[in-house]
Amino acid sequence: MVIQFHKYQGTGNDFVMIDNRDLKFDKSDLLLIGRLCDRRFGVGADGVILIENHPELDFEMIYFNPDGSQSLCGNGSRCAVMFAKSLGIIDNETEFLAIDGVHSAFIDEDEVHLLMNDVAEHELIGNDFLINTGSPHYIKYVPNAHDIDVVQTGRDIRYSDRFKEDGVNVNFIEECPNNSLVIRTYERGVENETLSCGTGCTAAALSFALKGAESPIRLNAVGGELQVSFNQEGDIFKDIYLIGPAEKVFEGVIEL
Ligand SMILES: N[C@H](CCC[C@H](N)C(=O)O)C(=O)O
């Protein structure tokens, strides 16, 4: 089997992107998905993203974690927009379908502005937050995000009784001056730390707003900086934009 792929990254969250408008890629082959993500035996990535045709919208984006599970991927969506432009499917504006519904996005220079779905609910667990931004995120504020064992502490929460069934992404947040946060993320489905997580940055920004912060909020992830802007009415958030760079790293062919 020969698969042509493009490798993209958005603030260090990296993806194998496949133009699957011919529907030749077998979406049921989850072992193949895992193999493509393997950083020794495959291409290496935090996920696989397929671009397919859609009857009304510019395209449909299908995201897989390395374990084959699916969810909304914010950084992957931003990469999908840049990939769609490189394929000539769109120019600088788009409406596409992802697992949590229709998203619009636009490209401004080298940044993608992705409109996230509204967020109208959140849960407080002690001083921590649980917010779903298309993927479920557990948000824990810590004094120093660089002192945290993200993998071990993340796993402890992700495999706790409350979350072991469906999983949860775990974000460790450190408040910084100038309305910004440092964020580190343990990702469900990757079962490891990633260098950034778009839906996680969005959830972290909204939790900061619930603590009184104003839009826009800058997120300093290990792999780069993202911004989140929004309109807030009480505990309801609308017009939520995840903003940041997304770029092609290389393209290739894999023969399996
Ligand atoms: N691992 C996440 C999906 C990818 C999220 C992340 N890569 C992003 O940019 O939002 C989950 O299963 O909920």
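The model shown is predicted, which means the values in this text are computed figures rather than measured ones. Ligands are counted one by one from 1 in listed order, and the atoms in each one are counted from 1 as well.
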*Determine, for Tyr141 and Lys211, whether the Lys NZ or Arg CZ falls below 6.0 Å from the six-membered ring centre while staying within 45 degrees of the axis.*
yes

*Would you kindly specify which portion of Cys73 sits under 4.0 Å from ligand 1, judged on non-hydrogen atoms: side chain, backbone, both or neither?*
both

*So, does Ser69 sit close enough to ligand 1 that a heavy atom of it is under 4.0 Å from the ligand?*
no

*Check the side chains of Thr199 and His137 for a donor-acceptor pair under 3.5 angstrom, ignoring hydrogens and angles.*
yes

*asked:* So if I count the atoms of ligand 1 from 1 in the order they appear, which ones are less than 4.0 Å from some heavy atom of Asn75?
replied: 8 (C), 9 (O)

*Measure up the Phe96 and His103 rings against each other and bin them: parallel (under 30°), tilted (30 to 60°), perpendicular (over 60°).*
parallel

*Mark yes when over 12 heavy atoms from residues, nucleotides or ligands other than Asp108 sit less than 6.0 Å from its CG; otherwise mark no.*
yes

*Among all protein heavy atoms, pick the one closest to atom 9 (O) of ligand 1 and tell me residue, atom and distance.*
Gly198 N, 2.7 Å

*When you measure from atom 12 (O) of ligand 1 to every protein heavy atom, which one gives the shortest distance, and what is it?*
Asn65 ND2, 2.8 Å

*Can you list the steps and then say if Glu233 with Lys238 is a salt bridge (charged side-chain N to carboxylate O under 4.0 Å, His left out)?*
CA-CA 8 Å; Glu233 297 154 27; Lys238 296 176 184 280; 5.4 Å; no

_Ser196 side chain to Thr11 side chain, donor-acceptor N/O pair below 3.5 angstrom_ = yes

*asked:* Going by side chain to side chain donor-acceptor pair (under 3.5 Å), name the residues that satisfy it together with Glu123, two or more places apart in sequence or in a different chain.
replied: Arg162

*asked:* Out of all atoms in ligand 1, which are within 4.0 Å of some heavy atom of Tyr63? Include the element for each.
replied: 3 (C), 4 (C)

*To which protein heavy atom is atom 4 (C) of ligand 1 closest, and what is the distance rounded to 0.1 Å?*
Glu187 OE1, 3.3 Å

*Atom indices of ligand 1 within 4.0 angstrom of Gly74 heavy atoms, with elements*: 8 (C), 9 (O), 10 (O)

*Mind checking whether Phe15 and Tyr8 have ring centres under 6.0 Å apart?*
no

*Consider ligand 1: state whether an atom of it lies below 4.0 angstrom from any non-hydrogen atom of Gly189.*
no

*asked:* I need the nearest protein heavy-atom contact for atom 7 (N) of ligand 1: residue, atom name and distance, please.
replied: Asn13 OD1, 3.0 Å

*Please state whether Leu72 comes within less than 4.0 angstrom of ligand 1, counting heavy atoms only.*
yes

*Asn169 contact mode with ligand 1 (heavy-atom cut-off under 4.0 Å)*: side chain

*Give the residue, atom name and distance (to 0.1 Å) of the protein heavy atom nearest atom 10 (O) of ligand 1.*
Thr199 OG1, 2.6 Å

*For ligand 1, which atoms sit closer than 4.0 Å to a heavy atom of Ser135?*
3 (C), 11 (C), 13 (O)

*Which is it for Arg39 and Asp46 under the salt bridge (charged side-chain N to carboxylate O under 4.0 Å, His left out) test, yes or no, and what are the steps along the way?*
CA-CA 9 Å; Arg39 296 193 186 277; Asp46 292 332; 3.0 Å; yes

